[in-house]
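Below is one structure, written out as structure tokens; the observations come after it.
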Amino acid sequence: MSVAVSVKTHALSNVCLRRVVKTNPKGAKTECVLTEGNSILVSNFVASFIRAGDELLFPLEHEAVDAGTQIYIRKTNPEERRWDVFQAEIGYATQPRKDKRNNLFVSAEVPDSQLGISAINLRCEALRDYFYVGNRRRGWDRQSSFYELLQVNPKVSPAELRLAFKLRTLELSTAHAPAGDLRALNRAFNILARPELRACYDALLNDPTSPALFPYSGFGSLLVAGDISRDGSTFYASRILSFLPEQEFKHFRVPLRKVVFYSDRAIYRDSRRKLEVLFDQATFPLLWDPSWNQWKHLLAPKIGIQATFIQSGKYCHDGAWHLAQWESALPSRMEVELPSNIAEQIAEARRTHHRLGEFSEALDLIRARIESAPVERTDLQKLCTALGMPGDFDVSLITWKPDYDVFYYKQLCKHARHLYLFRSEYIFDLERAVIVETPQLGYASYLFSKPASMAEFLAIYCGVTREEILQNRGNVAEKLGFLGRFIHGRNPKDWCKELKMRVGENVDYAEASD
């Protein structure tokens, strides 16, 4: 043991190895006085594992050890043999697998290996006894199940589980229960509220030797007890002492149409901001079902989300393996705000969807019409009336795609003198320019100078492709007055600023504040 640590110390120039003479509590920190007369501050929790005579291995630049700071505590008293202790910020933790002795373990990477330790191998029993128990001071065979803590049946639905969690939290808070009981309740709910973690927990209840997942795949400050490998590159952890996940509080609004609905849960994923939120029907009681996915693109309202997000990730194969990372909302620390008139907006979206189905044959005729030539919105409205459709039918829905943000459409409509529908595009005739918009996520706004004749512009435009415009084949870009394109991007405000700069018209920044 001593040889392994010493060898790695000599190989690392920015690492200090010192023996502890004594420890002095100093409020929220503890001072560790070292043999050379200098000292280092550590948290009181880390200090509880340090004794006089222990050796500390830590980076030279640190005068204090905080959560995530790498430190190795080597036990040197042969008469009182204990496991060594190691703290580090970890990245991705693998799925469970077996070692050479058929023991299940999970390997967590140490991205910034300052002490030469690049991985922490954790036994699945250690994961089970830390993340999947209510009382960490008791053995697995003496634990109350998470279902018993929440006072629910193991077959409870996600919505019933949340209601039970709120009720039990209120009961414990009213009874002034110990903080440890509330933490255990939160842990139970956060495990059972995630389908993959609940499945893992149920398997452990049936067989305690089953594989145990590292919740949310790691990412945080880990303090473990165990032993180091002979080459000093891997720490074999037999017990988890503490884990603090990377977390951040966020408050934002999202369009309801971007939520995917299932029978007992719903999921919102933002690929740009790399966020994931899992809902149950107690989170916002709208009584949805999977059929909502057929017409959710007609839903205009936005919902507010307040949640604590923790880092998560997994390896994906897309030609080559790569780590995909995102942030997941912690179930116990999430609230949803609904618009006051959301019921009316949902009812209106249902009616619109019914109309689209009722007049599907007429809509097919209109789509065939705009496939060959651009048609102005007023003329399309007249055509709809002639085909027996209601006069208040919104013709823009004919080519609307589910993932298109209504904000861009509303902004352009405010400034457009005329709107033409052509194939899958909207052509906005503004006072000083023409903008072509594809109502679908991932497409940019195409900007053209104001033509002398809109009819001539449309005649040329309907005979070319966007690729020909971008490459200026046959000088077509110059004929159309193509000025360039600007993307929607992550922030609608940026799009608003560019629109104002290029077109010179006022835009409503307030609507882009979400």
Side-chain angles (χ1 to χ4, degrees), residues 255-257 291-302 339 341-441 443 445-446 448 450-464 466 505 508 511:
L256 188 56
R257 58 184 170 78
S291 67
W292 280 40
N293 296 314
Q294 300 173 14
W295 50 272
K296 66 179 183 179
H297 60 285
L298 303 173
L299 290 169
K302 291 185 177 182
N341 64 339
I342 191 168
E344 292 83 352
Q345 295 190 63
I346 291 173
E348 178 59 30
R350 286 182 185 272
R351 284 193 294 270
T352 302
H353 177 65
H354 178 71
R355 281 182 172 182
L356 292 173
E358 184 179 2
F359 300 103
S360 59
E361 293 184 4
L363 290 174
D364 288 342
L365 292 174
I366 294 173
R367 290 190 182 98
R369 173 80 177 271
I370 64 176
E371 185 67 28
S372 58
V375 182
E376 206 274 331
R377 176 170 52 184
T378 305
D379 294 332
L380 280 177
Q381 207 75 55
K382 293 177 181 178
L383 180 58
C384 287
T385 303
L387 292 172
M389 299 176 66
D392 61 348
F393 181 79
D394 186 356
V395 295
S396 66
L397 298 175
I398 294 172
T399 57
W400 195 282
K401 300 298 181 184
D403 54 4
Y404 183 59
D405 194 334
V406 69
F407 167 79
Y408 304 102
Y409 174 78
K410 286 183 176 179
Q411 283 293 324
L412 293 170
C413 277
K414 286 180 181 179
H415 306 286
R417 295 181 171 184
H418 300 281
L419 168 61
Y420 298 84
L421 271 69
F422 176 57
R423 295 175 183 165
S424 61
E425 299 174 343
Y426 298 149
I427 302 174
F428 294 92
D429 179 12
L430 282 63
E431 181 181 356
R432 303 177 186 177
V434 172
I435 291 182
V436 178
E437 187 86 348
T438 300
Q440 189 172 356
L441 180 68
Y443 284 82
S445 303
Y446 278 63
F448 301 85
K450 183 68 175 182
S453 168
M454 193 65 189
E456 292 181 4
F457 173 89
L458 294 174
I460 298 174
Y461 184 81
C462 69
V464 298
R466 287 195 168 188
E505 299 185 12
D508 192 347
E511 289 191 12

Between Asp379, Leu419, Leu458, which is the residue that forms a side-chain contact (heavy atoms from CB on, under 4.5 Å) with Pro374?
Leu458
Under a 4.5 Å cut-off applied to non-hydrogen side-chain atoms, are [X] and [Y] in contact?
X      : Y      : result
Cys413 : Arg377 : yes
Arg432 : Lys450 : no
Val434 : Phe457 : yes
Phe428 : His415 : no
Trp292 : Ile346 : yes
Ser396 : Leu421 : no

Within this structure, what is the [atom1]-[atom2] distance for the pair [X] and [Y], rounded to the nearest 0.5 Å?
X      : Y      : atom1 : atom2 : result
Glu361 : Leu387 : CD    : CG    : 10.5 Å
Gln294 : Arg350 : CD    : CZ    : 11.0 Å
Gln411 : Asp405 : CD    : CG    : 10.5 Å
Cys462 : Ile370 : SG    : CD1   : 13.0 Å
Leu430 : Arg417 : CG    : CZ    : 9.0 Å
Lys296 : Ser291 : NZ    : OG    : 12.0 Å

[X], [atom1] atom: more than 12 neighbouring heavy atoms under 6.0 Å:
X      : atom1 : value
Phe393 : CZ    : yes
Lys382 : NZ    : no
Glu344 : CD    : yes

Minimum-distance pair of heavy atoms, taken over all atoms of [X] and [Y]:
X      : Y      : value
Glu425 : Arg466 : OE2-NE, 3.2 Å
Phe422 : Ala373 : CD1-C, 3.6 Å
Ile435 : Ser445 : CG2-CB, 4.2 Å
Met454 : Pro451 : SD-CG, 4.0 Å

Taking atom types as modelled, find out whether Thr378 and Glu376 have a side-chain donor-acceptor pair closer than 3.5 angstrom.
yes
Start with the C-alpha gap between Tyr461 and Val436, add the side-chain angles, then the distance that decides, and say whether side-chain contact (heavy atoms from CB on, under 4.5 Å) holds.
CA-CA 10 Å; Tyr461 184 81; Val436 178; 3.2 Å; yes
side-chain contact (heavy atoms from CB on, under 4.5 Å) filter on Arg367, not counting sequence neighbours, yields Leu363, Asp364, Ile398
Residues at least two apart in sequence or cross-chain that pass side-chain contact (heavy atoms from CB on, under 4.5 Å) with Pro301, listed by chain then number, are Leu256, Leu299, Pro339, Ile342, Gln345
Could you tell me how the ring of Tyr426 sits relative to the ring of Tyr404: parallel (under 30°), tilted (30 to 60°) or perpendicular (over 60°)?
perpendicular
Within the distance-only criterion (no hydrogens, no angle test), does the side chain of Thr385 pair as donor or acceptor with the backbone N or O of Gln381 below 3.5 angstrom?
yes
side-chain contact (heavy atoms from CB on, under 4.5 Å) between Tyr408 and Glu437, worked out
CA-CA 9 Å; Tyr408 304 102; Glu437 187 86 348; 3.7 Å; yes
Report the C-alpha separation of Arg355 and Glu358 in whole Å, then their side-chain angles, then the decisive distance to 0.1 Å, and conclude whether the salt bridge (charged side-chain N to carboxylate O under 4.0 Å, His left out) test is met.
CA-CA 5 Å; Arg355 281 182 172 182; Glu358 184 179 2; over 6 Å; no
Please evaluate residues Leu298 and Thr352 with respect to the criterion side-chain contact (heavy atoms from CB on, under 4.5 Å), reporting the C-alpha separation (whole Å), side-chain torsions for both, the decisive distance (0.1 Å), and the verdict.
CA-CA 8 Å; Leu298 303 173; Thr352 302; 3.9 Å; yes
